[in-house]
There are 2 protein chains.
Amino acid sequence: MANIRDVARHAGVSVSSVSNVLNGRSDQMRLATLERIRQAMQELNYHPNRVAQQLKTGQAKMIGLLVPSIVNPSFAVLTREVDRAAKARQYRVLLGNTYRQEDEEQAFLEDMFAHGVQGVIVAASAMERPHFANAARLGLVMVNYDSRMPSDALLGNQPFDSVSMDNVAAGRMAAEHLIERGCRQLAFVTEAFLTISRAHKIEGFFSAVRDHGLTDNARVIEGKALAAYGDTEMTELGRTLAAKVLQQAPRPDGIVAINDALGIGLMAGLRDAGVRIPQDISVIGIDNIPLADLVHPALTSVMPPLTEMVAVMVERLLARIENPSITPGEFLFPPRLITRHSVIDSTEP
Amino acid sequence: MANIRDVARHAGVSVSSVSNVLNGRSDQMRLATLERIRQAMQELNYHPNRVAQQLKTGQAKMIGLLVPSIVNPSFAVLTREVDRAAKARQYRVLLGNTYRQEDEEQAFLEDMFAHGVQGVIVAASAMERPHFANAARLGLVMVNYDSRMPSDALLGNQPFDSVSMDNVAAGRMAAEHLIERGCRQLAFVTEAFLTISRAHKIEGFFSAVRDHGLTDNARVIEGKALAAYGDTEMTELGRTLAAKVLQQAPRPDGIVAINDALGIGLMAGLRDAGVRIPQDISVIGIDNIPLADLVHPALTSVMPPLTEMVAVMVERLLARIENPSITPGEFLFPPRLITRHSVIDSTEP
DNA sequence: TTGAAAGCGGTACCAG
DNA sequence: CTGGTACCGCTTTCAA
C-alpha cells in the first residue's frame with residue numbers, strides 16, 4: 001500500500017502538492033506537476049488512507065444506521081436505500097441492530113463516537129431515551145426515521161431531525177379507501193402500545209370516519225404483542241386478534257391494520273375462521289412490506305415514499321455535519337396507496 | 001472528548017502509563033497508580049479514539065460484510081447473526097449491498113482497504129472473479145459464505161476460507177423427507193443458473209431418489225429469473241414455474257424448491273391454479289427464511305445451522321487477521337430439517 | 001506555485 | 001515500574 005510520501009517521491013514533488021491534488025486544490029498548480037502527480041498515483045495504485053484522513057480532519061465518511069432489527073423487512077428495505085444514498089456520496093454504512101434495547105443503543109452510540117462517525121440515522125426508536133439527547137449534546141448529528149416519541153410536546157426543539165410519513169394522512173387514506181369501496185363497519189386493529197406514529201394513524205382513521213358520518217360504526221381493536229420488533233410477533237398478534245374482530249357486533253366489513261405484518265396475520269386468522277377476504281371482510285395495511293405481495297389475497301397497503309425520505313435523511317445528515325448550526329427540522333411525507341386484492345371492489349360483479 | 005494526554009495529566013502520570021492500562025499491561029503497575037488512572041478515565045468520561053488506535057496499529061475493529069442484497073431475508077438473517085457475533089468481540093459491521101455487480105464489489109473491497117478493514121465476509125458471490133483473489137493477495141482476509149464457485153477445482157488452494165451448509169446432504173434430506181411422507185413423484189424446482197451450491201443440492205436430491213429406486217419418477221424443473229439477487233424475483237419465478245410443474249405427466253406429488261423464496265412463490269402459483277398444499281402436492285424449501293413461518297401453509301424447510309456457521313466465520317476471520325500464515329480451509333455444516341405444514345403427513349387421517 | 005513541519009490521538013520502544 | 005519520544009498517513013498553515 002503506497003502512501004502519500006511514496007507518491008510525492010515518485011513524482012518528484014512534496015507531500016503537500018500531492019495532498020493538494022487529493023483535495024481538489026489543483027487549480028493554481030502547474031499542469032505538468034499535476035500530470036506527474038496523477039501519473040504517480042496511477043502507477044503506484046495509490047488510494048489515500050481514510051483512517052489517516054479521518055484522524056486529521058475528524059471526517060469519517062461513514063454514517064451509522066441504527067435499526068431495531070435488520071430481519072424486519074421494513075428495516076431491510078430502509079437499509080438498502082440508506083446504503084444506496086450513502087454510496088452516492090462516497091459514504092459507507094455502519095449497521096447496528098439494537099432490538100430496542102437501551103444498552104445496545106447506548107453501546108452503538110458510544111461506538112459511533114469512538115469510530116469518529118458524526119452522523120447517525122436512528123430508525124423507529126424511543127428517541128426520548130436520554131442517551132440520544134446526550135449523544136446529540138456531545139455533537140452527534142442524528143436523523144430520526146419514523147419517530148416513536150410518546151408525545152409531541154418536544155417537537156420543535158428536538159436535537160435531531162425527524163423524517164416520517166404523514167401518519168395522520170396514512171390513517172385517513174386507508175379508511176377512505178375502505179369507505180370508497182363500500183365498507184361501512186370499520187375497525188382499526190393495532191398493537192396496544194401507543195407510539196406517536198400509531199396515535200397519528202388512529203387519528204387519521206377517525207377523521208375520515210367522521211367526515212363520512214360513520215363514527216358510530218368505527219372502533220379500535222387492540223392486543224398486546226410479546227415483543228415489538230419482529231414481524232413474527234406482529235403476525236402472531238394479528239392472528240390472535242382475528243377472534244376479537246369476529247366477536248364485534250355488528251361485525252366489521254373493513255379493517256385497517258396498523259401495519260402489514262399484523263394485517264397479514266389477521267387475514268390468516270380470519271381465513272382460518274372461515275371468513276373470505278375481501279368478500280366478507282376487507283383488510284388494508286400500512287407499510288407495504290415485500291411480503292404484502294406474496295400472501296393471498298395480496299394485501300392492499302398504504303406506503304411511505306421511502307426513497308425520497310431516505311434522500312432527505314442522508315442530505316440533512318451530511319448538511320448538519322457540515323454546518324452544525326442548522327436547526328433540526330421535521331419532515332413529513334405524504335403516503336401512497338398500493339392497491340392489491342384484499343379490499344373488496346364493489347364495481348366488479 | 002478527552003484524550004489520552006488529558007487523562008495522563010489528570011492522573012499525574014505519563015501518557016505511556018495510561019496507554020498501558022488501556023492495553024491491559026497493568027500487571028506490573030503499582031496499584032495506586034492504576035487506581036488513579038482508572039479514576040481519571042472515569043472522571044473525564046474518557047473513551048479511546050479508535051481511529052487513532054487504528055492508524056497506529058492497523059487494526060480496525062470492523063469487519064466488512066458483502067451481501068448481494070440485504071432485502072433478501074436469507075442475507076438479513078445472516079447479517080443479524082454476523083452483527084451479533086462481531087459485537088461479542090467488540091467489532092462493528094460495515095455493510096455493503098453489491099447486487100452481484102462486479103463494479104460494486106470492487107468498490108466495496110477498495111473501501112475496505114481505505115478504511116483499514118482487514119477482514120470481510122463475502123456472502124454468496126462469484127468468488128472466482130479476479131478482484132477477490134486480488135484483494136486476498138493484497139492482504140485482505142476473506143471468508144466466503146455459501147460459495148458460488150463454478151467448479152471445485154480450486155478448492156484446497158483458495159485464498160479464503162469457505163463456510164457452507166453441506167448442500168448435498170440438504171438436497172438429500174429434503175428428498176428423503178418427501179419420500180418418507182409418502183410422495184412418489186418427485187421434482188426439484190430451481191433457477192436455471194447453475195452455481196456450485198445448486199449443483200450440490202440437485203446431486204443430493206438424486207442420490208436420495210436413487211436410493212429409493214425412484215429415479216424414473218424424479219426430474220428437475222427449471223426457469224430463468226430476471227435478476228438473481230432479490231427475493232421478489234425468486235418468488236415470481238416460483239409462481240411462474242407452477243404452470244410448468246402442472247404440465248408434467250405424471251404430475252409430481254412432492255417438490256423440493258431450491259430455496260424458500262422460490263418455494264413460497266411456487267405455493268402461491270399452485271394455489272392460484274386450484275392445487276391444495278399439501279394434500280395434492282407437498283412442497284419443501286431449503287433456507288428456512290423467517291417468511292417460511294408466515295405463509296400458509298407454513299413452509300417445511302431444510303435449514304443451515306446459521307449461528308454456528310457465523311461463529312466459525314467470525315472466529316476464522318479474526319484468527320487469520322491475527323496470524324496470516326494460517327491456511328484457509330473449508331468448513332461444511334450439516335443441515336437440519338424444520339417440519340411445518342407444507343408436506344403431507346400420511347400418518348394423519 | 002511548491003515545500004517544510006507541526007500535529008491529529010494513540011502505541012511501543014527504550015532509557016532511567 | 002514509569003516517562004520520553006518517534007511515528008502511523010494525512011492535512012494544513014506558513015515561508016520561501
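The sequence lines fix the lettering, A, B, ..., with proteins before strands; numbering per chain opens at 1.
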May I have the distance from [X] (atom [atom1]) to [N] (atom [atom2]), rounded to whole angstrom?
X       : N      : atom1 : atom2 : result
B:Leu55 : C:dA12 : CG    : P     : 13 Å
A:Ile4  : D:dC10 : CD1   : P     : 5 Å
A:Arg5  : D:dC7  : CZ    : C1'   : 9 Å
B:Leu31 : D:dT2  : CG    : P     : 10 Å
A:Asn23 : D:dG9  : CG    : C1'   : 13 Å
B:Met41 : C:dG10 : CE    : P     : 11 Å
A:Gln59 : D:dC10 : CD    : C1'   : 14 Å
B:Lys61 : C:dT11 : NZ    : C1'   : 15 Å

Task: Note: B:Asp6-B:Arg9 ion pair, threshold 4.0 Å (strictly below) - done: yes
Open item on the list: One thing to verify: whether B:Glu104 and A:Lys87 come together as a salt bridge, which I'm taking to mean a side-chain N less than 4.0 angstrom from a carboxylate O.
Closed with: yes
Have a look at [X] and say if it touches a base, only the backbone sugar-phosphate, or nothing, with a 4.0 Å heavy-atom cut-off.
X       : answer
B:Ser17 : sugar-phosphate
A:Val13 : sugar-phosphate
B:Asn20 : nothing
B:Arg50 : nothing

- [ ] Using the side chain to side chain contact (heavy atoms under 4.5 Å, CB included) rule, pick out the option among A:Glu43, A:Met41, A:Arg36 that qualifies with A:Gln39.
- [x] A:Glu43
Open item on the list: Assess the residue pair A:Glu110 and A:Gln106 against the criterion (side-chain hydrogen bond (donor to acceptor under 3.5 Å, both in side chains)); give the C-alpha distance rounded to whole Å, side-chain angles, the decisive distance to 0.1 Å, and a yes or no.
Closed with: CA-CA 6 Å; A:Glu110 278 175 11; A:Gln106 171 77 4; 3.2 Å; yes
Looking at [N], I'd like to know if its phosphate oxygens (OP1 or OP2) sit under 4.0 Å from a side-chain N or O belonging to [X].
X       : N      : answer
A:Tyr46 : D:dG9  : no
B:Gln53 : C:dT11 : yes
A:Arg25 : D:dT12 : yes

Minimum-distance nucleotide to [X] side chain [options: [options]]:
X       : options               : answer
A:Leu22 : C:dT1, D:dT11, D:dG9  : D:dT11
A:Val15 : D:dT11, D:dT2, C:dA12 : D:dT11
A:Asn49 : D:dG9, C:dT11, D:dG3  : D:dG9
A:Thr57 : C:dT1, D:dT11, C:dG3  : D:dT11

Task: Gap between atom OG of A:Ser69 and atom CG of B:Asp83 - 0.5 Å precision - done: 9.5 Å
Task: Presence of donor-acceptor pair under 3.5 Å, side chain of A:Lys56 and base of C:dG7 - done: yes
Task: Base of D:dG4 paired with side chain of B:Ser16 (donor-acceptor, under 3.5 Å) - done: yes
- [ ] Taking the side chain as every heavy atom from C-beta outward, state whether B:Ile63 and B:Leu317 have any atom pair closer than 4.5 Å.
- [x] yes
